[in-house]
Amino acid sequence: MNSLDDVLPPILPSQPPAYDLARHLPSGAALGWLMKGWDDLRDNPLPSLAYGAAVFLISIGLVGGLFRLGLDYFLFPALAGFMIVAPVIATGLYEKSRRRAEGQQVDLAYMILVQARSGLQIFFIGVLLCLLLTLWFRSAVLIYALFFGVLPFPGLDHVASMLFGTATGWWMLLVGTVIGGLFAAFGFAVSVFSVPMLLNERLDAFTAMGTSIRLVWNNRRPMIAWGAIVLVILVLALIPGMIGLILAFPLLGHATWHAYIAIRQP
């Protein structure tokens, strides 16, 4: 049984990671991470594709649940919030890339039953990201109320005309995109390196998150390029009814692991 120390991070880390926090990777590094992620996906692809299929089925189930509960107005914030929690969901893909690099056996069981070297610290980050996602949902509701008052959500059949056919709709899109982008950027900075870090190293969640934010800030150009690549690939994956997640999610998960490996090398 895990002790309380395994669940809650200590106030002060005993051994901070030895990173060059001031290093500056080239902007084109992001394309290299994507190619290495593709190599991981092609090598023994079935576990990765099965992982992506599970993410697809869960996503379909959640979307269907929103419609059944009459919460379809949460659909767009939920799709935007997906990027906030995606790094934690991709933990099994990081594990495959790690084991492949070490020449170890890789199958779906290892990807599902991940044994992180930091214990349950990843779970702690997952809770924080879920809280951030909940805050984003509430903010999205407040943004809608700010521009449209108590007017009921018109449904997906009429939302396009409401958003793109009125000046109020355009202003709401602008404000919502800016605020949603800030939430996504913060979630990205906090988790993009911290989750792989906690999988591969023994340290506490606060140290990992702080290190991740500093590494993202000191490598803004490649990380902006990487964020743009992630956004484009995910949007393209969502267009055909989200079925593209079966391929896109494993690709991005493996590539994110290589982004972490590149940032931690001296």
Side-chain angles (χ1 to χ4, degrees), residues 29-60 62 81-123 125-126 129-130 133 184 187-201 205 208-209 212 215-216 223 226-227 229-238 242-265:
L31 290 176
W33 305 335
L34 193 65
M35 296 306 298
K36 290 180 179 179
W38 177 250
D39 290 338
D40 283 354
L41 176 59
R42 288 194 308 164
D43 185 9
N44 190 14
L46 288 181
S48 296
L49 294 177
Y51 202 97
V55 172
F56 164 68
L57 292 175
I58 293 172
S59 301
I60 288 292
L62 291 175
F82 179 75
M83 292 188 66
I84 295 177
V85 298
V88 173
I89 302 173
T91 304
L93 299 166
Y94 306 153
E95 176 69 2
K96 177 189 172 182
S97 293
R98 184 186 70 81
R99 296 183 69 89
R100 178 175 179 264
E102 295 177 355
Q104 300 182 37
Q105 179 184 358
V106 176
D107 57 36
L108 189 58
Y110 286 110
M111 297 171 66
I112 295 175
L113 304 174
V114 177
Q115 297 292 324
R117 291 177 178 170
S118 293
L120 296 180
Q121 300 293 309
I122 291 180
F123 173 78
I125 289 185
L129 292 178
C130 286
L133 182 61
F188 176 79
V190 164
S191 60
V192 65
F193 294 128
S194 64
V195 177
M197 203 180 298
L198 292 173
L199 173 66
N200 194 50
E201 306 171 37
M209 289 188 291
S212 181
L215 288 170
V216 169
M223 297 314 298
W226 179 236
I229 290 173
V230 170
L231 179 61
V232 169
I233 291 178
L234 284 180
V235 169
L236 293 176
L238 294 174
M242 297 193 292
I243 197 170
L245 287 174
I246 297 175
L247 179 64
F249 194 81
L251 173 62
L252 294 174
H254 291 311
T256 299
W257 174 261
H258 288 285
Y260 156 71
I261 292 299
I263 209 76
R264 74 186 291 270
Q265 290 175 344

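Count residues from 1 along the sequence.
- Using a 4.5 Å heavy-atom threshold, the side chains of L234 and L245 count as touching.
- What you find for V114 and G92 is that their closest heavy atoms are CG2-CA, 3.8 Å.
- Counting only distance, with no hydrogens or angles, the side chain of S212 and the backbone of F193 share a donor-acceptor pair below 3.5 Å.
- In this structure, I243 places its CD1 atom where only 12 or fewer heavy-atom neighbours from other residues, nucleotides or ligands lie under 6.0 Å away.
- Looking at L41 and L247, their side chains come closer than 4.5 Å, going by heavy atoms from C-beta outward.
- Of the possible donor and acceptor atoms, one in the side chain of S59 sits under 3.5 Å from a partner among the backbone N and O of V55.
- The distance from the CG atom of L113 to the CG atom of L108 is 9.0 Å, given to the nearest 0.5 Å.
- One distance of note links NE2 of H258 with CD1 of I263; it measures 14.5 Å at 0.5 Å rounding.
- Across all non-hydrogen atoms, the minimal contact from I125 to V195 is CG2-CG2, 4.3 Å.
- Put simply, the residue from D40, D43, L34 that forms a side chain to side chain contact (heavy atoms under 4.5 Å, CB included) with H254 is D40.
- For the atom pair CD1 (I229) and CG (L252), the distance works out to 9.0 Å, reported to the nearest 0.5 Å.
- Considering CH2 of W33 and OG1 of T256, their distance stands at 9.0 Å, rounded to 0.5 Å.
- Residues A255 and W226 approach most closely at CB-CH2, 3.3 Å, considering heavy atoms.
- In this structure, the side chains of P87 and Y94 come closer than 4.5 Å at one or more pairs of heavy atoms.
- Considering only heavy atoms from C-beta on, N44 stays 4.5 Å or farther from D107 through its side chain.
- The CD1 atom of I122 sits 9.0 Å away from atom CG of L120, with the distance rounded to the nearest 0.5 Å.
- Sparse packing is recorded around CD of Q115, with 12 or fewer heavy atoms of other residues, nucleotides or ligands lying under 6.0 Å away.
- The nearest pair of heavy atoms linking S48 to P250 is O-CG, 3.1 Å.
- Side-chain contact between F56 and M242: present, with at least one pair of heavy atoms (C-beta onward) separated by less than 4.5 Å.
- Here CG of L251 is found 9.5 Å from CE of M35. Values are rounded to the nearest 0.5 Å.
- Of the possible donor and acceptor atoms, one in the side chain of T91 sits under 3.5 Å from a partner among the backbone N and O of V88.
- In this structure, the side chain of E95 does not engage the main chain of M111 through any donor-acceptor pair within 3.5 Å.
- For R42 and D39, the salt-bridge test passes: some basic side-chain N is under 4.0 Å from an acidic carboxylate O.
- Relative ring orientation between F249 and Y51 is described as parallel, the plane-to-plane angle staying below 30° on a 0-90° scale split at 30° and 60°.
- Residue V106 comes nearest to K96 through the heavy atom pair CG1-CG, 3.2 Å, listed as atom of the first residue, atom of the second, then distance.
- Taking all atoms of both residues into account, the shortest heavy-atom contact from M197 to Y260 is CA-CE1, 3.8 Å.
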